[in-house]
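Chain letters run A, B, ... following the sequence lines, proteins first, then strands; residues in each count from 1.
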Amino acid sequence: MNSKADYQVSSQAIDVKHLQYAWSGNESLTLDIPEFSLSVGERCFLLGSSGSGKSTLLRLLSGLLIPSAGSINILNQNLAAMSVRARDRFRAHQIGFIFQQFNLIPYLSILDNLEVSAKLNKLSDKTFRARASELLTRLSVAENLWRRRADQLSVGQQQRVAIARAMIHHPPLLIADEPTSALDEDARDAFMQLLLNDLTESDTTILFVSHDRQLISHFNRCESMNELNQALAIPDTTEASA
Amino acid sequence: MILKLAIKSLIERRVSVILTVIALAISIAVVSTVEHIRSEAQNSFNRTVSGVDLIVGPRTSSINLLLYSIFRIGTPGNGISSETYRIIASDSRVAWQIPIALGDSHQGYRVVGTDNTLFAHYQFGNRQALAFAQGRQFGSSHDVVLGSDVAKDLGYSLGDEIVLSHGIAEVSFTQHDNHPFQVSGILAATGTPTDQAVHIPLSGLAAMHGAGGHNHDQPAPNEHTNHANDDVAVNNHNEHEHEHEHEHEHEHEHSNNDSQQAADTNTGIATVTTLPVDITATLIGLHSRAQVFTLQQAINNYPGEALTGVIPGIALAELWQMMANVEGLLRLISVLVMLASILGLATMLLASIRERYPEVSLFRSIGVSSGALLLSIEAEAILIAMTGTLLGLGFTAIAAIISQPWLNQNYGLYISANPISGNMMFFIGALLIATAVVALIPALKLYRAARIVSR
């Protein structure tokens, strides 16, 4: 990659080119994305049902998997060129994750759960405590729950704490994978409000993946896995990423 | 952070963790008890006698003689005659000898008939002499000197009257109440079987058994004693044979003419050349340790009486030699028990790996490295092993404290409560290393799962 190309992608949070991925032992491609990019501060809704290869894509974007072909640049860093350890560090520092479920270690308290992320980002105890109480307060998680085990919280509370866990170290990129599908409608709206307006700064890039079309209205850009992933044209490859 | 996570994770799986810890604790307790008792027994035995060059008793195995004369374990056989005692005393190589007459007991404590040489020359531990906590040595045939445990356990103090019984059982049919004893001294604690002994003068023993019938309470003829000792001391090797014969003849004549009178005159309170009773064994100190082998040989080949001469250090070494095979077997069993519990630990962790997949997946997503996850399993394994070890050592310490009085009274063993020895540290180190190695099985399984995240 030459310096001119570097310059051109410098404002990109996600830059995917000619991405191909096949699970080992599987000849057919799970993912085939010619081009997908997100600029810094952009908030994108990615529509995808299970089996569309979205989970595989998210793991490629976070460096848990390495593409079979093509390139992935996250915040101008080529993940494939990094060592495993460097990718782990990069993921810890640059990306915040929110999942559909199991966002928290069930036997740790809320604060302990947040502390894992804080420690990975080398936040001082003081910074961590200040940031944790700020986030939890803004997420309306009552202070008497902070030392409670995570599995004693309701699903809605757990998802809110998940935002705090993902945002504790101000990651430039936030990836949310079906974070609202376990929530009822009221909780979902409150969650979206907190996630998009109250907790993330305007320069935080958000990739929000869901099959729930009702949420599209919260975003200024919408993509669909069906259009992105050329591999979906071949029916029998869709099973592999389920 | 890894340690904190490991602890929380263990608490989460507390039921299987506690069972594993207990299994490990039991195996550590077995290992450390065996090791502790072995080393403490050895230590206790080794420190019981010091400064005694030769033990002489009737013909028996050297270990047997050592066990009953010094450790008061087992039943003594025949005695040795006062004639033999006198001949040994007259040998120029002998600096002092302590007569020991066993066979009686007082409320379960062994009565040791002896004389004041015991307090002057007997040594234990690192060449420490016996010391009096209170009172003094024998002054009359009615005096008794108590070991510290006897005085403490039976609540005796100076001046108390004691009635001794015949035989070594705790309850005896014949009580020698015609010859009551009075506590003249209480020894300081030694941590040896001496603490468990009731010492009486040989003359007292004779009177108690009715040998003399009438006895004299006059103090020991100390001048005579010292003089006799000096005589022996100045004799050199060349003169020895002559001196021996001379003494022998003299003794012969003496015992022929008035043996009864001699027994009465020599009260057996201090060092004497003629004893009022037969003795069980005699402990000998030499002027020069280099002569111990020639004297031992002379004693073993003595034509007058079938004798055994035993060098304490060598007999102890023989004893340990005899125990070595048993020890080796116990060690092997210990190692196998420990190995089994480590495998149990690994199995428990292995079974938990599958239920950890969701959290592994989460940890990986937020940037925790696979290596850190591997380390967390190792940390859990080591924590379990250390907890089990501490608990097991605790069991051993408690067992040592509980069994101490019993071991002390029955075997003269003094077991400390602290089970941590150099050997045990080595064992614990080996256990922790073995745990870390075996825990690699579950740890690597988790590591592989972490590398192929399955979300």
Worksheet entry | Derivation and outcome, side chain to side chain contact (heavy atoms under 4.5 Å, CB included), residues A/F99 and A/L58 | CA-CA 11 Å; A/F99 301 102; A/L58 295 187; over 6 Å; no

Discussion item. Assess the residue pair B/I73 and B/F45 against the criterion (side chain to side chain contact (heavy atoms under 4.5 Å, CB included)); give the C-alpha distance rounded to whole Å, side-chain angles, the decisive distance to 0.1 Å, and a yes or no.
Written reply: CA-CA 12 Å; B/I73 296 171; B/F45 272 48; 3.9 Å; yes

Discussion item. Please determine whether side chain to side chain contact (heavy atoms under 4.5 Å, CB included) holds for the pair A/T180 and A/F208, giving the CA-CA distance in whole Å, both sets of side-chain angles, and the decisive distance to 0.1 Å.
Written reply: CA-CA 10 Å; A/T180 58; A/F208 190 101; 4.3 Å; yes

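A/P172 approaches A/H93 most closely through the heavy-atom pair CD-O, 4.1 Å.
Contacts from residues 322-346 of chain B to chain A, taken as heavy-atom pairs separated by less than 4.5 Å, involve no residues at all. Proximity to chain A at a heavy-atom threshold of 4.5 Å picks out B/S369, B/S370 from residues 369-402 of chain B, in numerical order. Below 4.5 Å, heavy atoms of chain A meet heavy atoms from B/K4, B/L5, B/K8, B/S9, B/E12, B/R13, all part of residues 2-14 of chain B.
Formation of a donor-acceptor pair under 3.5 Å by the B/T20 side chain with backbone atoms of B/S16 is found in this model. Between the side chain of A/S68 and the backbone N or O of A/A22 there is at least one donor-acceptor pair closer than 3.5 Å. A donor-acceptor pair under 3.5 Å is absent between the side-chain atoms of B/S44 and the main chain of B/A41, judged by distance alone. Between the A/S117 side chain and the A/L114 main chain, no donor and acceptor come within less than 3.5 Å of each other. No donor-acceptor pair under 3.5 Å is formed between the side chain of A/R43 and the backbone N or O of A/I206.
Residue contact with chain B, scored on non-hydrogen atoms closer than 4.5 Å, involves the side chain of A/R149 exclusively. Using a 4.5 Å cut-off between heavy atoms, A/I105 touches chain B through backbone and side chain atoms alike. In this structure, the portions of A/V116 lying under 4.5 Å from any heavy atom of chain B include both its backbone and its side chain. For chain B, the nearby part of A/L104 is the backbone; its heavy atoms alone come within less than 4.5 Å.
Side-chain atoms of A/S49 and A/S52 form no donor-acceptor pair, as typed in the model, at a separation below 3.5 Å. Counted by atom type alone, A/N103 and A/Q159 present one or more donor-acceptor pairs between their side chains at under 3.5 Å.
B/K152 and B/D195 are not joined by a salt bridge, as no carboxylate oxygen comes within less than 4.0 angstrom of a charged side-chain nitrogen.
Ranked by heavy-atom pairs shorter than 4.5 Å toward chain B, the options A/I95, A/D112, A/I175 are led by A/D112.
Between A/W23 and A/Y21, the angle of the ring planes goes over 60°, which puts this pair in the perpendicular group of the 30/60° scheme.
The 12-atom threshold is exceeded at CD of B/E355, counting heavy atoms of other residues, nucleotides or ligands nearer than 6.0 Å.
B/D149 is linked by a side chain to side chain donor-acceptor pair (under 3.5 Å) to B/Q196, B/N408, B/Y414, counting only residues two or more places apart in sequence or in another chain.
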